[in-house]
Every structure is written in structure tokens, then in C-alpha cells.
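Sharing a structure here in C-alpha cells format.
Keep in mind the model is a prediction, meaning the values are calculated, not measured. The chains referred to below are lettered A, B, ... by the order of the sequence lines, with proteins before strands, and numbering in each begins at 1.
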Number of protein chains: 2
Amino acid sequence: MATIVDVAKRAGVAVTTVSRVMNNKGQVSEETRQRVLDAISELAYRPSPAARGLPRRRLHMVSVVVPFVTNPSAVARVQGVVHGLRSTDYPVSILDVERPEHQEEHFGLLGSGLRPEGAVIVSLHPSENQLASFRAAGTCPVFIDTDVADFSRVFVDDRHGGFLATQHLIQLGHRRIGFIGDKEDERFGFTSSRLRRRGYRDALQAAGLDAAAHFERTGEHGRDTSAELARELLALPEPPTAIFASSDTQAIGVLDVAKEAGLQVPRDLSVIGFDDIEVAGFLGLTTVRHPLYESGLIAADLVIEHIENPGCTPRSVEQDLEVIVRVTTGPPPAQSSN
Amino acid sequence: MATIVDVAKRAGVAVTTVSRVMNNKGQVSEETRQRVLDAISELAYRPSPAARGLPRRRLHMVSVVVPFVTNPSAVARVQGVVHGLRSTDYPVSILDVERPEHQEEHFGLLGSGLRPEGAVIVSLHPSENQLASFRAAGTCPVFIDTDVADFSRVFVDDRHGGFLATQHLIQLGHRRIGFIGDKEDERFGFTSSRLRRRGYRDALQAAGLDAAAHFERTGEHGRDTSAELARELLALPEPPTAIFASSDTQAIGVLDVAKEAGLQVPRDLSVIGFDDIEVAGFLGLTTVRHPLYESGLIAADLVIEHIENPGCTPRSVEQDLEVIVRVTTGPPPAQSSN
DNA sequence: ACGTTTCCTGAAAACGTTTCCCACGGCCAT
DNA sequence: ATGGCCGTGGGAAACGTTTTCAGGAAACGT
């Protein structure tokens, strides 16, 4: 493999000069520049990322730290980031976290030597220590779906989303509305489900309905657990006529149960989800559209912005939420209105 | 940030020794080792990947180069790789290729200084030059869905898969069977659709049916293009009673057209896809199950194996294909048998 | 007692860049 | 003319590891 000194020799200049043309910095005459460029292409020279990273104290790439990369909403966001960065030459490195140790480990990297030029952190809350180490290292991550002071972020108003979803159900005439969400997460501190539930309560209250705790169920995130929870709700003496699930994955679990119980949706039971992941469209699931892919795209732009002008001036961008009405919601059964 | 010399000082040893305990190589007395370990944790030392990569001439990570990372089958494979590597501490870096230049660029990295410790290449054919540069650099990529001599790969028998799909249709009684696949790809040289079509022809021939070229349509990969093609097929004077689409995405396009034309599936038209991506299950699409996620898992294992014992002894693993019968295929309409 | 091996440790030379600092020539302002 | 600045280029010191080589001490066989 050709190195920078090979190029320098061939072009008859010093390595400094080659470095300068590679990075477009410093002054170099058009003639010299051309000679160097020729030498580079003749030797098919490619700078070594490791060698370049050492003095610059950061690697030419952007890392995405994302919990549970297999779940559909994570996938959509990662896709957005990858696509947003496609026009640049930054490789994207995916750091999956499924256990708290992973988080520790990956954040450690961001605050230290690996220090990628840019980073996106999805749904995770670094500790104060970790944030301090980011600042110290000059890492300037963009947060998606997290509220972190002094850093850039792209987010939605989950509480308002929960409100919208519930309001939709209320407007259809429902009075007994169940909620299925994530169990309070002590490991990672995810907040979205909690906020969505708050919005749900807001909407009930605004409509003069009391938020009966026995209509709320939480559990491990997932289709099966959600089905479990839905079964409990439907076994109630006065079961809800509609269920708001705080993610589409969970809504699908509810749909599973409806089918298994012979309930027709939406005639016997209305279901609304949250996120609008790809399968929601196929299933005709009414849901709150959450621009996941776009959030990745925006995060990518912010990352580039931070890389290009350092200093970490934080920018926040909020994305809009919108109810997408499909076929899983409708008016409640007639006799239920008593 | 603490460096290796800080650790060495604190432990009262030479950097060499610290390096040795970090990498578990060379002999270090238990006592010294413990002192170093203590110093490491007291200083929260983390080696810099760039610095470590420089002398070793490779970066501690594995790269996945994958075309069109947004399409569902690519996603499933990447997930498999990420998950397969989760138990190791290798970051996974995703190199998306959407244009031939990207391929050039990413393969350039693999053969040179970035040289990740491991690599998996999906569906892409490096040129002879590029392969040579891999060998020279000692990169030992694992190929998924590509036939490359002297390298490890995980693959399926696409031709047989095409055969199975078509055979399924024939066994149901279909005689006029359409095929929708990818246009011959001159940019990346993808082969799977072509092979699946060959299997389709094999099956027709084996059943004594002639493979009528006017029942075959190819176009840009995608749901919409596929719909276009399906419309052509269905507009034929004697339209096919069943269509084999060489991917689920394309099968979904066919389903779109069936709905739009008021055709009931499978009463009026049978549709079979290929891949069994996630939405196939939701749609009840009959398809050929292609273990995409598992292919990523296996590739991850192979990569680790190659990293642990260098030398690049190639291993091939073939995955089985299987028809998953759901609700989009059935016997042909009665009058069609003439 | 002496060589030989084995075990542990350290010094120092890479690895391929970037960047700080300095030198040189030409030009402008004084 | 003289001094300073600007545009251009080079020398050399980082950057933080790994690795090669060698050295010293302890253990072993004779």
C-alpha cells in the first residue's frame, strides 16, 4: 500500500504538502497541487484512517449508539442516519446496546480515543460523568428521543402524541379507553412510553373522564407481553372499548388478542398504536405517525453541522406528530355507551 | 484522557507490560498483572482504537458493505450481523452502497489502511483487482449471497428456490404462470433474480410446460415497478393465473395490482414471493423463506473465526430454502384449465 | 560451581498521519 | 534600500499504541 511519503516522493514535494492538499488546508500553488493530485491517483493512494485519527484525536466516522437495534423503530432511525450521511464519506458505525454494560462501554468510547468525529445517540441517557467526558473530549453527539441539556437533539412531543391518540378515540365516542405501555424502565430510563401515558391521562381528564388506573397496563416491551396485557384488559367486567398502545409493536399484540378472542376490529374494539412503523400500513393500523426515518436524516444533518463548525452550539428540532386514521379505529359498540 | 503511559507510571511498570496485560499476550506475573489492572481501572483507561490500529495495521471493528441498506432484506441481514457480533466488542460499521462509486470507495478501504479486522460483503462482486488487494492486505471478508472463489460465503441455492416456488404453483394446478424479476443488473451484477428465474424455467420445463417468454417481465427492483409489470401481465389476452415474484417486495406490488383490478387473491390470482421478509407474515403472503437474519448471524460467526485464526481458509455454508404456504396461493380458477 | 533454559520485564523503534514552527523569495509600504 | 508581510513549502515533533530485541533473574541439569 502506498503511503503519504510515497506520494510525496513521486510528486517531488514534502509530506506536509501532500497532507495539505488532502485536507484542502493551507496554501498550495495550483501547480504543486496538481502534481500531488496526479501522484495520488497514480499510486491509488488512500490515507490510513488509523494514522490520520491518531494526531487528530478522532476517527473519520460517525457512530450511532442505539438500544435494541432489531426493533423496527430503531431500524428506521438508523436507516435515516445512514442515508443522511450517504453523500458524505463518513462510514457509519452501529453500536448496539441491549444491556446496561453495553451503554457504559459505548459511551466510554465516545468520550475517549475512538472519539468518532460525530455521534448520534438514540433514546439513551448518558450519566453526568459521561456527559462531562463528552464535553472534555469535544464529542458533540446529537440526541434523538432524549432530553439532554446543552446538546443538540431531535425529538417529538410524546405527551402531546399520547394526547392526540386518546383524543381521537374520545372523539369517536369511546369512554372506556385502555392503555398499554412499557414498564417503567429502570435500566435505560426510556421516557417515551411514560410521556405518552401522561398525554393519555391529559386527554381523558380534558374530556371529563376519570383516568381509571385499572385501565392502564404496563409490561416489558414486545408483541407477546402486550398481548398478555390486552387479555387482562379485555377480561375486565367492564372492558375498554378501545385501547391505545404506546407503540405499534404493542398495538399488534392487541390485534392478535382481538383476533384470538373473536373480536372484530374496529366494530368490537378499536386499537390505536404509535410510531407508524412500516407494517402499520400493511395492517391498516390507526396510529400516531412518528417520523422515525426523518429523525435519522435530521440527526445526520446536525452531526455534519457539528463536525463542520465545532463548538457544540446545541440545536433542537422538534418533529410533528399526526394521527393517521386507518381501519382499526371506529365508534364504540352501541350498547357500550351506558 | 489517560494513556498507556499514565497507566504504566501508576503501576510502576513499562508500557510494554501494560500492553501485554491489555492483550493477554506474553508472560506477566500474576502480581504485576494485578497492579496493572488496578491502575487501569483507577484511571478508567481505554486504549485508543486509532493508536492501536496504527501498528497493527487494522482497526478493531468489522465492516459490513451492503447495497441499498434501506431495503428490507438488507436490513434483516445487517441485524443478523450486528446481533451475531454483540457478544464481542467489535463495533459494526455499515458501508452503504447505492452507486458503483460507493462500491469502489468502500472496497478500497477494505484493501487498505482502514482494513477492519473483519468484513462482510453482501450481494456485491468485487473486481479481480479488488480481490487481489484484499488478499494482499490480509482482509478476509465473508460474502453473503455472492459466489466468490477462495473466500468464505454463506448462500442459498436461488435457482432451486425459484424451482420450489414455481413447483408449488404447478402442483396447485396452475399452467399459466408469470414471472416478475429484476432487470439484468449491469451496475452491480446481482445474480439472485436471474437464478430464481432459471429455477422458474426449470420447473416449467420439468412439468412439460413451455416457458413462454411473454410471461416473464423484469424491471427495476421495487414495489411500484413490479406493479407496473403485473399490470402488463394481467392485460394479456390469456393472462397468467399465478405469478411468481422474485422478491416479496415485488410480490407486494403484484398484490397491489390485484386489489386495484378487483381480483381476489388467491381465487382469481395466486401470488408467491421470495425472501419471507417481516411484512410477508402480516400480509399472509406465500413465499420462499430465505433465512436472511440467520445469514447475518452465520456471517458474523465466520468473521470471528477468520479473525481468531488468520489464514483465510474459506468456508462455505449453504442455507436451506423452504416454501411457506400462507394465503395468497391456491388452485387456479376452474375455467382457466382449458 | 557453571552453562542453559525459562520467565519476566524494559527500551526503543516502528506505524502513517497532522501540525507547529521556521525558512525562503517576492512584494508592498515606508 | 530596509523592514515586514504574504504565499509557499519543508523539517521534525507529536499522537498512543504494538512489537522486536535484548537483558536480568531464577530455576534447572550436570
Any donor-acceptor pair under 3.5 Å from B/Arg46 side chain to A/Glu105 backbone: yes

Could you run through nucleotides 17-23 of chain D and give me one letter per nucleotide, 5' to 3': B if any protein heavy atom sits under 4.0 Å from the base, S if only the sugar-phosphate is that close, - if neither? BBBB---

Do any N or O atoms of the protein come closer than 3.5 Å to N or O atoms of nucleotides 24-27 of chain C, and which pairs are they?
none

B/Arg52 and B/Asn23: side-chain donor and acceptor closer than 3.5 Å? yes

To the nearest Å, give me how far apart NZ (B/Lys9) and C1' (D/dG16) are. 13 Å

Is a donor from one side chain sitting under 3.5 angstrom from an acceptor on the other, for B/Ser73 and B/His290? no

Neighbours of DNA chain D within residues 29-44 of chain B, by heavy-atom distance under 4.0 Å: none

Of all the nucleotides listed (C/dG16, C/dC8, C/dA11), which has the minimum atom distance to the side chain of B/Gln27? C/dC8

Going by atom types alone, do A/Asp89 and A/His60 pair a side-chain donor with an acceptor below 3.5 Å? yes

Can a donor-acceptor pair be found, under 3.5 Å and without considering hydrogens, that links the side chain of A/Glu308 to the backbone of A/Glu305? no

Decide if the gap between the ring center of B/Phe155 and the ring center of B/Phe143 is smaller than 6.0 angstrom. no

Please report the distance, rounded to the nearest Å, between CG in A/Leu59 and P in D/dG16. 14 Å

Among side-chain atoms of B/His83 and A/Glu98, is any donor-acceptor pair under 3.5 angstrom? yes

More than 12 non-hydrogen atoms from neighbouring residues, nucleotides or ligands closer than 6.0 Å to CD on A/Glu101, yes or no? yes

For the CD atom on A/Glu220, are there more than 12 heavy atoms of other groups (residues, nucleotides or ligands in this structure) within a distance under 6.0 Å? no

Can you name the residues that form a side-chain hydrogen bond (donor to acceptor under 3.5 Å, both in side chains) with B/Glu186, not counting sequence neighbours? none

A/Thr32: partners by side-chain hydrogen bond (donor to acceptor under 3.5 Å, both in side chains), with sequence neighbours left out: A/Ser29

Please report, rounded to the nearest Å, how far the P atom of C/dA14 is from the CG atom of A/Leu54. 17 Å

Should stems be defined as at least three consecutive Watson-Crick or G-U pairs with both distances under 3.5 angstrom, which of them involve DNA chain D? C:1-30 with D:1-30

What I want to check is whether the side chains of B/Asp158 and B/Ser192 have a donor and an acceptor closer together than 3.5 Å. no

Look at atom CZ of B/Arg315 and say whether more than 12 heavy atoms of other residues, nucleotides or ligands are closer to it than 6.0 Å. no

Nearest whole Å is fine: how far is C/dC15 P from A/Asp6 CG? 11 Å

